[in-house]
Amino acid sequence: MIGRESEIKVLKEAFNSGKSEFIAIFGRRRVGKTYLVRETLGNRFSFSYSGIAEVSTKFQLQNFHNALRLHGYSKSRVPTNWIDAFYDLSCYLSSLPEGKKVVFLDELPWMDAPKSSFLPAFGNFWNGWASARKDILLIICGSATSWIVKKIFHNKGGLHNRLSDRIYLKPFTLRECEKYAQSEKLGMSRQIVLEAYMVFGGVPYYWSMLKRGMSLSQNINSLFFSRDAKLKDEFKELYSSLFKNPEPYMAIITALGKKKTGMTRDEIIKETSLPDTGRITTYLDDLESCGFIRRYSQLGAKIKNTIFQLIDNFTLFHFKFLSNKAINDEGYWSKIQNSPIFYNWSGHAFERVCLLHSNLIKRALGIEGVLTNEYSWRTPPKDGLSGAEIDLLIDRNDKAINIIEMKYVKGKFTIDGKYMDVLLSKASRLRDVTKTSKTIFITMSTSGGLSNNGYSQEIDRSFDMSILFE
């Protein structure tokens with residue numbers, strides 16, 4: 001298995017502990033939650049069941065009963081409610097020999113149908129029976145991250161503070177994707193791994209669909225632009241699987257997809273026409289919990305001006321090339337590789353990759369041990385001065401600020417006089433507007449490094465893509 005070392009350790013320690021354990025695993029669709037559990041614990045499940053989407057409680061209970069029968073328990077009738085279903089499960093587990101009994105409930109949110117009383121019954125199963133024993137390992141899982149957070153982590157009833165541990169399964173890093181490509185013998189250079197990451201992000205399932213012997217362009221053509229493209233409808237399925245009412249979430253994501261630097265809460269309300277209620281905050285919290293957006297402040301701005309920015313690479317790719325576009329050319333991706341639309345997209349996508357790996361940029365700067373805050377910053381034109389926009393600022397507690405400029409090109413990036421003037425203007429405007437007395441460093445993070453010329457010598461620090469793979 002690629003990566004997941006800390007997550008595997010948590011599961012193994014829970015299995016080997018001398019008490020009952022309750023672990024929740026959450027993360028976006030396709031990130032490998034079920035795979036992690038099955039690969040780590042193998043065939044050591046005493047009982048496993050996966051909830052079914054959009055079915056009645058009666059159907060769900062029938063299927064739960066069938067799962068019990070498949071595991072060897074046949075002493076009960078089909079339950080008519082979840083209290084009886086979990087009673088049957090406890091009776092079955094009690095009949096098993098000594099040793100840790102692993103109960104894996106996958107896609108748990110789908111079991112919680114309206115008026116099903118699932119949560120009280122589930123809480124009673126853990127609090128009234130399983131937690132009092134020393135031999136139960138209960139693992140729950142689900143793609144509907146917002147449900148897990150609200151109903152389990154923030155539960156105010158019987159499940160409040162009952163978890164032994166929680167595992168947030170994040171997408172792969174660039175380094176982990178490189179290891180995966182090597183393990184599958186995909187023959188990818190780091191440049192190609194980076195480009196693939198700009199499309200798929202670090203979602204293992206998407207990477208598993210790449211075929212050996214095909215170039216990245218051929219794979220992307222096949223997965224998105226061919227007649228039977230497997231990922232053509234993935235965007236809709238992704239958000240529908242995560243949220244029971246996906247429309248407001250998709251409206252927010254669509255609005256954020258139109259503005260590279262992100263939007264404030266008020267700007268989102270204006271763009272989407274969603275009611276200005278507490279639900280907007282809930283929607284934004286859910287999207288952040290799922291890893292689709294990040295929130296950040298502008299340097300010197302008030303908290304109410306918090307910016308929400310779309311950072312999910314797959315979603316950004318969808319908006320750029322698949323949303324409302326009638327592309328009928330099955331070789332489309334191969335044909336646009338040297339076009340302006342490709343370079344426009346790749347520039348923005350590379351910035352997102354850098355933002356997702358900002359910890360590695362700080363490591364390269366040697367400031368891991370320094371207290372830092374990450375910001376964006378922008379200021380409009382004023383009094384004849386040009387406006388300025390900085391996508392990533394690292395504000396350091398050692399009286400310094402790094403302006404991080406991120407550029408993607410195939411090969412080395414060349415700084416000319418015009419671009420150098422832009423960089424110096426940004427630094428000057430930042431100092432003038434914020435009145436900071438800190439030292440301002442201009443830092444370049446590029447895909448292929450900088451061409452060596454007189455202007456490159458004026459850059460305080462520069463890195464190529466290699467630091468993002470560490």
Evaluate the salt bridge (charged side-chain N to carboxylate O under 4.0 Å, His left out) criterion for residues Glu39 and Arg4: first the C-alpha distance (whole Å), next the side-chain angles of each, then the deciding distance (0.1 Å), finally the verdict. CA-CA 11 Å; Glu39 287 296 303; Arg4 312 308 195 199; over 6 Å; no

For the backbone of [Y] and the side chain of [X], can you confirm whether one donor and one acceptor N or O come within less than 3.5 Å of each other?
X: Ser240; Y: Glu237; result: no
X: Gln60; Y: Ile52; result: yes
X: His65; Y: Leu61; result: no
X: Asn127; Y: Gly158; result: yes
X: Arg212; Y: Glu184; result: yes
X: Ser20; Y: Ile136; result: yes
X: Asn219; Y: Lys211; result: yes
X: Gln218; Y: Ser215; result: yes
X: Ser447; Y: Val409; result: yes
X: Arg429; Y: Gly387; result: no

Is a salt bridge present between [X] and [Y], judged by a nitrogen-to-oxygen distance below 4.0 Å?
X: Asp276; Y: Arg265; value: yes
X: Lys150; Y: Asp286; value: yes
X: Arg175; Y: Glu178; value: yes

Mind checking whether [X] and [Y] have ring centres under 6.0 Å apart?
X: Phe314; Y: Phe319; result: no
X: Phe122; Y: Trp126; result: no
X: Phe321; Y: Trp345; result: yes
X: Tyr239; Y: Tyr249; result: no

Just wondering, do [Y] and [X] contact through their side chains at under 4.5 Å, heavy atoms?
X: Phe350; Y: Ser445; value: yes
X: Asn402; Y: Leu393; value: no
X: Tyr197; Y: Ile192; value: no
X: Val102; Y: Val37; value: no
X: Arg28; Y: Ser143; value: no
X: Glu107; Y: Thr34; value: no

Scan Ile361, Leu360, Leu392 and name whichever one has a side-chain contact (heavy atoms from CB on, under 4.5 Å) with Cys354.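 Testing each of Ile361, Leu360, Leu392 against Cys354, the sole residue satisfying side-chain contact (heavy atoms from CB on, under 4.5 Å) is Ile361.
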
Determine whether Phe64 and Phe47 satisfy the following criterion, ring-ring contact (aromatic ring centres under 6.0 Å, His included), listing intermediate values before the conclusion. CA-CA 10 Å; Phe64 190 89; Phe47 178 75; 5.2 Å; yes

Does the side chain of [X] pick up a donor-acceptor pair with the side chain of [Y] at under 3.5 Å?
X: Tyr92; Y: Ser46; result: no
X: Lys320; Y: Asn344; result: yes
X: Asp464; Y: Thr446; result: no
X: Tyr206; Y: Glu234; result: yes

Is [X] atom [atom1] crowded by more than 12 heavy atoms from other residues, nucleotides or ligands, each under 6.0 Å away?
X: Lys33; atom1: NZ; value: yes
X: Arg295; atom1: CZ; value: yes
X: Lys230; atom1: NZ; value: no
X: Arg69; atom1: CZ; value: no

Should the ring pair Trp147 and Phe118 be called parallel, tilted or perpendicular, given that the plane angle runs from 0 to 90° and is split at 30 and 60?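 Plane angle between 30° and 60°, so tilted.
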
Please test Phe86 against Asn124 for side-chain contact (heavy atoms from CB on, under 4.5 Å), starting from the C-alpha separation and ending with a verdict. CA-CA 9 Å; Phe86 281 112; Asn124 181 67; over 6 Å; no

One pair to check against side-chain contact (heavy atoms from CB on, under 4.5 Å): Thr372 and Lys362. What are the steps and the verdict? CA-CA 9 Å; Thr372 62; Lys362 286 187 278 191; 3.3 Å; yes

Approximate separation, where rounding is to 0.5 Å, of Ile293 CD1 and Cys290 SG: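 Answer rounded to 0.5 Å: 9.5 Å.
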
CD1-OG distance between Ile167 and Ser6, expressed to the nearest 0.5 angstrom: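 These two atoms lie 8.0 Å from each other.
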
Applying side-chain contact (heavy atoms from CB on, under 4.5 Å) to Glu267 and Phe308, what does each step give before you reach the verdict? CA-CA 10 Å; Glu267 289 172 336; Phe308 298 90; over 6 Å; no

Considering all heavy atoms, the nearest [X]-[Y] contact:
X: Ala388; Y: Trp377; answer: CB-CZ3, 3.8 Å
X: Ser116; Y: Thr57; answer: CB-OG1, 3.3 Å
X: Ser117; Y: Trp82; answer: O-CB, 4.4 Å
X: Gly123; Y: Leu159; answer: CA-CD2, 3.7 Å
X: Ala196; Y: Leu216; answer: N-CD2, 3.6 Å
X: Ser222; Y: Ser226; answer: O-OG, 2.7 Å

Ring pair (Phe, Tyr, Trp, His ring centres under 6.0 Å) partner of Phe317, chosen from Phe200, Phe235, Phe224: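 Between Phe317 and the candidates, ring pair (Phe, Tyr, Trp, His ring centres under 6.0 Å) is satisfied uniquely by Phe224.
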
Report yes or no: is the cationic atom of Arg190 (NZ for Lys, CZ for Arg) under 6.0 Å from the centre of the six-membered ring of Phe469, at an angle within 45° of the ring normal?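 Yes.
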
Lys NZ or Arg CZ of Arg294 over Tyr296 ring: under 6.0 Å, within 45°: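 Ring-cation test returns yes.
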
For Trp129 and Tyr87, what are the C-alpha separation, side-chain angles and deciding distance, and is it a ring-ring contact (aromatic ring centres under 6.0 Å, His included)? CA-CA 9 Å; Trp129 183 80; Tyr87 173 76; 9.7 Å; no

Test log, rule side-chain contact (heavy atoms from CB on, under 4.5 Å), inputs Leu108 and Tyr49: CA-CA 9 Å; Leu108 192 77; Tyr49 176 72; over 6 Å; no

Please, which pairs that meet side chain to side chain donor-acceptor pair (under 3.5 Å) have at least one residue in residues 327-336, sequence neighbours excluded?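 Passing the test, one end in residues 327-336: Asn221-Ser334, Asp329-Lys335.
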
Can you give the donor-acceptor pairs under 3.5 Å from side chains of residues 250-261 to other protein atoms, not counting sequence neighbours?
residue	atom	partner	partner atom	Å
Thr254	OG1	Met250	O	2.6
Lys258	NZ	Glu271	OE2	3.3
Lys260	NZ	Glu351	OE1	3.3
Lys260	NZ	Asp391	OD1	3.3
Lys260	NZ	Asp391	OD2	3.0
Thr261	OG1	Arg378	NH1	2.8

